[in-house]
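Predicted model, so just to flag it, every value in this text is computed and none were measured.
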Amino acid sequence: MAQTLIAIIIITLTVIIYLAMNRLYTRFSSPLLSPILTTVLIIIAFLVCFHIPYNTYLIGGKWINFLLGPAVVALAYPLYNQRKMLMKHLAPIITGVCIGLFVGIISGSILAFVFGLHKDMILSLLPKSLTTPIAMEVSAQLGGIPAITVVFVVIAGFVGAVLGPSFLKWSRINSDMGKGIALGSASHALGTSKASEYGELSFSMSSISMALTAILGAIIGSFIPFFFHI
């Protein structure tokens, strides 16, 4: 009974904070005020200030995390609406996803070597551009640390959601399709959430790019350690 009450309080608090941050973001539209980022920071500050253990928050947080599965399945709806567009532009979509995946893996590997990270950390970093469940599985198969991989995945998502719009503007990527492919292949679910602000087409492109990146990343990622002799 006590755990049920704690779960209800945690879920309610998280939803209220997110809605408040989303309203703030809608009003000012600053990338730094991304509701996902600000909500996480406020919750962390709340847990630290009131000395609440993470395991206590997880009593309710695990139910929020459980909704990730249905949310991913729900992406099928905009994909279905844009099915003709997807088939018509299948080649550029696959090309964009492959380039994004390659750059993501190679850039992460180079940075890891430059900073002299340990082998376990390097292997944990490689799947950072994949969506969380698949990234954890790939990391485990490579010999990395799934818990560390989650951190890298979240960082990649936040960077894409916050800095992605500025990079797209600087790169003069103006098409909704290009924006969606870029955000989905680089920043998975968080990038897809950001892509939804550009319209249904961007959202559809981003969601299929996220899915393709996960599939191709799971295949290509297993060969990267042999390429770098890790």
Check residues 90-103 and write down every donor-acceptor pair under 3.5 Å in which the side-chain atom is one partner and the other belongs to a residue at least two apart or another chain.
{"unit_1": "Thr95", "atom_1": "OG1", "unit_2": "Ala91", "atom_2": "O", "d": "2.8"}

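- With rounding to the nearest 0.5 angstrom, the CD atom of Glu197 is 8.0 Å from the OG1 atom of Thr26.
- Thr149 places a side-chain N or O within donor-acceptor distance of the main-chain N or O of Ser124, the cut-off being under 3.5 Å.
- If you take CD1 on Ile181 and OG on Ser204, they are separated by 11.5 Å, rounding to the nearest 0.5 Å.
- Rounding to the nearest 0.5 Å gives a distance of 10.0 Å between NZ of Lys169 and CG of Asn174.
- Residues Ile16 and Leu19 are members of separate hydrophobic clusters, defined by side-chain heavy-atom contacts under 4.5 angstrom among Ile, Leu, Val, Met, Phe, Trp and Tyr.
- The shortest distance between side-chain heavy atoms of Pro127 and Phe152 does not fall below 4.5 Å.
- In terms of heavy atoms, Ala156 sits closest to Lys128 at CB-O, 3.6 Å.
- Following chains of ILVMFWY side-chain contacts shorter than 4.5 Å, one can reach Tyr25 starting from Ile17, so the two form part of one hydrophobic cluster.
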Return a table of donor-acceptor pairs under 3.5 angstrom between the side chains of residues 38-55 and protein atoms on other chains or two or more places apart.
{"unit_1": "Thr38", "atom_1": "OG1", "unit_2": "Ser34", "atom_2": "O", "d": "3.1"}
{"unit_1": "Thr38", "atom_1": "OG1", "unit_2": "Pro35", "atom_2": "O", "d": "3.3"}
{"unit_1": "Thr39", "atom_1": "OG1", "unit_2": "Pro35", "atom_2": "O", "d": "2.5"}

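- Shown are Ser209, Ser202, Ser206; of these, the side chain to side chain donor-acceptor pair (under 3.5 Å) with Thr192 is made only by Ser206.
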What pairs of donor and acceptor atoms, side-chain ones from residues 5-14 against any protein atom, are under 3.5 angstrom apart with sequence neighbours left out?
{"unit_1": "Thr12", "atom_1": "OG1", "unit_2": "Ile8", "atom_2": "O", "d": "2.7"}
{"unit_1": "Thr14", "atom_1": "OG1", "unit_2": "Ile10", "atom_2": "O", "d": "2.8"}
{"unit_1": "Thr14", "atom_1": "OG1", "unit_2": "Tyr57", "atom_2": "OH", "d": "3.0"}

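- Interatomic distance, Leu168 CG to Leu183 CG, rounded to the nearest 0.5 Å: 5.0 Å.
- Clustering ILVMFWY residues whenever any of their side-chain heavy atoms sit less than 4.5 angstrom apart, transitively, puts Met205 in the very cluster that holds Leu216.
- A continuous path of Ile, Leu, Val, Met, Phe, Trp and Tyr side chains, each step under 4.5 Å between heavy atoms, connects Met177 with Leu212, placing both in one hydrophobic cluster.
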